[in-house]
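Computation of the quantities below employed the complete heavy-atom set of this structure, encompassing side-chain atoms and omitting hydrogens, waters and symmetry-equivalent molecules. Just so it is clear: chains get the letters A, B, ... in the order the sequence lines come, proteins before strands, and each one is counted from 1.
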2 protein chains.
Amino acid sequence: MDPEAANTAPDIAGGVQLALTSFLDIQQKRLTALGPELAAQVEAARDATSGGKRLRPAFCYWGFRAAGGDPELPILKAAASLEMLHVSALVHDDVMDSSDVRRGAPSAHRRFEALQRERTARTGKGGDAESFGIGAAILLGDLCLVWADEMMHTSGFSTEALGRASQFFDAVRIEVTAGQYLDLVAQASGEADMDRALRVLRFKSATYTVERPLHIGAALAHGGQSLIDSLSAFGLPLGEAFQLRDDLLGVFGDPQVTGKPAGDDLREGKRTVLTTYAVEHASPAQLAEFDRLFGSDELGDDEVQVLREILQDTGAVQACEDLITERTQDALASLGKAPIDDAEAREALAALAVAATSRSV
Amino acid sequence: MDPEAANTAPDIAGGVQLALTSFLDIQQKRLTALGPELAAQVEAARDATSGGKRLRPAFCYWGFRAAGGDPELPILKAAASLEMLHVSALVHDDVMDSSDVRRGAPSAHRRFEALQRERTARTGKGGDAESFGIGAAILLGDLCLVWADEMMHTSGFSTEALGRASQFFDAVRIEVTAGQYLDLVAQASGEADMDRALRVLRFKSATYTVERPLHIGAALAHGGQSLIDSLSAFGLPLGEAFQLRDDLLGVFGDPQVTGKPAGDDLREGKRTVLTTYAVEHASPAQLAEFDRLFGSDELGDDEVQVLREILQDTGAVQACEDLITERTQDALASLGKAPIDDAEAREALAALAVAATSRSV
């Protein structure tokens, strides 16, 4: 199966989109009954949940199938709840990072900020637009976090199946928040710390993007402990490889593909494994240059290029590529040994592993 | 039963505190295993969940008892989850309002900001303290929101009981977020709008503080629809009366009792029923003075006093007092007709109604 096919046959992305749209249709009626102003929140949620790679729902779906789950069961709605959770994290992340752009469109807080500016222009009065934007986006993230839970427990699975999945659903929600905090501390520390960068890699990404979605899907299908363990052995290295790729794309990726301005991670001063490796292996001259530029809002294209060269010349890029290769191979080796009977699930997971870590994602 | 006794016999506040402390002890082990930095999040949660009036847990507990629930069941842990939800809302609310103080102590974002300043002073480097504080507090609110759910579904009730309560637990989480957004729009509009102020009153407070906690408790004890309806007839007017009292205290309350600086609501420009009534009934001179001062960060004691006098002289204070009396009487009349067999529950709810709306709370 080629990488593209993993997400399209069966049409997981389409089913997830349908589940999200149907759910938000219901929420729109519910919220606008409380006040017509709330339509803006639902619209923002619609836009924020459209697009994206749907990786977490795909891993959840194939974890379910790997455990022998019946595809007639409401797995796509349960899987879609992970996309809703992801949007909650992205909306809050963009507030925390003051990011203007997400998936090629204005980030949620910038969108609400614009709404407030329009209102003020129309009425000739009103409060500060930036504060409004931040407040409204915090609430949007909260809504999506609650909605993720509601989507999961109203997905149509039995209370027994949901009970089995709940420990993993709790874990993923706690871990992603904890991982975000570790990331925030890493950025705020102004220090390169490889131990912390590796923990961020694990808890902000590997468990959240791959391992826990697999676990949730498997638990919904009554997967046993040995499958759960095998999915960890597959999912954790794969999730780390995925995030290492994402970090490389955050610095070297095409803005047309990533949906974010080139060099944004460098302006934000993201303390990733990539940048931490570079700091640890830089010459004094490289380090001085790096410290001068890294994390500055004002970086122009030339300065972004200088930082990219330091990342190349210190061997950081190659080290990350090597880690990606190694982790992906580990993941695939573990997949080979996993107790999965469904050949389609096995192939799809292998294809997702390649798709999630390849240069073009 | 006197008002104080409603919360102490049985010792609801003590049981809720114990449930919160035990839960956070477990979370502390779980989070610090991901990274020692996360101890700061758990510590912040401990402080944020200590103190407060525990009104929501008390209504949940007595809703449970009103439905004939067995007090031996794990109702205090389920009730405590509403306090965790409340803390989530408060932490995010303080970020949105840029409030420095909560319950007499620094608000969560100010606390994390101070942590970052200390780190920077110690290491001689580091990122912006204010941004760190805001980001960390957003994540604390997210954690508390997820924890509220985890406390509820690990409280020890059967999956069947939890299933009955889940529609109300979903509703309360959606409504409080929606209510916060309506409140944010009201503040940002720069306009007095009584219809919107009344909707904020209902959805930010009445359902959230009283009606839904009663429903959740009753549903956990298998309360029937007629009890649920009766609890709405009691809880909604009571919740509105409670919030009207809170709004009066936000302007006229003793900072020693409210835990917030005098006049904070006036500096924040809170568009409550109280201030909206004043604007609608102000003379042109009063209105000009009100518009000049209301919502200004810089208000001194004298200017706070000028605004207070406008609220008194326009009759807004008296109108709110009249509404509180009327709504509380409506609530108590509905309680009199409610199908509640447990005499202790009936008395406790009546006492809570008085306590929550009296001048001294």
Of all the heavy-atom pairs spanning [X] and [Y], show the shortest one and how long it is.
X      : Y      : value
A/D170 : B/V146 : O-CG1, 4.5 Å
B/L184 : A/G135 : CD2-C, 3.5 Å
A/K125 : B/G190 : CD-O, 3.7 Å
A/L31  : B/A178 : CD2-CB, 3.9 Å

Separation of A/H153 NE2 from B/L162 CG (nearest 0.5 Å):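 So the CG of B/L162 and the NE2 of A/H153 are separated by 10.5 Å.
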So what's closer than 4.5 Å to chain B heavy atoms on [X]: side chain, backbone, both or neither?
X      : answer
A/L145 : side chain
A/D142 : both
A/L140 : neither
A/A129 : neither
A/V185 : both
A/F169 : neither
A/R202 : neither
A/T177 : both

A/R119 side chain near B/E191 side chain, heavy-atom distance below 4.5 Å: no
Out of [options], which one racks up the most heavy-atom pairs below 4.5 Å with chain A?
options                        : result
B/L34, B/T123, B/D195, B/L38   : B/L34
B/G179, B/G163, B/A136         : B/A136
B/T120, B/L182, B/T154, B/D128 : B/L182
B/I138, B/D97, B/L115, B/T159  : B/I138

Chain A contact via [X] - which portion, at a heavy-atom distance below 4.5 Å:
X      : value
B/A148 : neither
B/L143 : both
B/V95  : side chain

For the pair [X] and [Y], find out whether any cationic side-chain nitrogen is under 4.0 Å from an anionic carboxylate oxygen.
X      : Y      : result
B/R199 : A/E37  : yes
B/R173 : A/E150 : no
A/R30  : B/E175 : no

Evaluate the ring planes of B/Y181 and A/F132, with Trp represented by its six-membered ring, and classify them as parallel (under 30°), tilted (30 to 60°) or perpendicular (over 60°). tilted
So does B/G127 get a backbone contact from the side chain of A/Q187, meaning a donor-acceptor N/O pair under 3.5 Å? no
Let me see the working for B/L139 and A/M96 under side-chain contact (heavy atoms from CB on, under 4.5 Å), right down to the final yes or no. CA-CA 9 Å; B/L139 294 171; A/M96 292 190 285; 3.8 Å; yes
Would you please test B/W147 and A/I174 for side-chain contact (heavy atoms from CB on, under 4.5 Å) and show each step? CA-CA 8 Å; B/W147 281 340; A/I174 297 294; 3.1 Å; yes
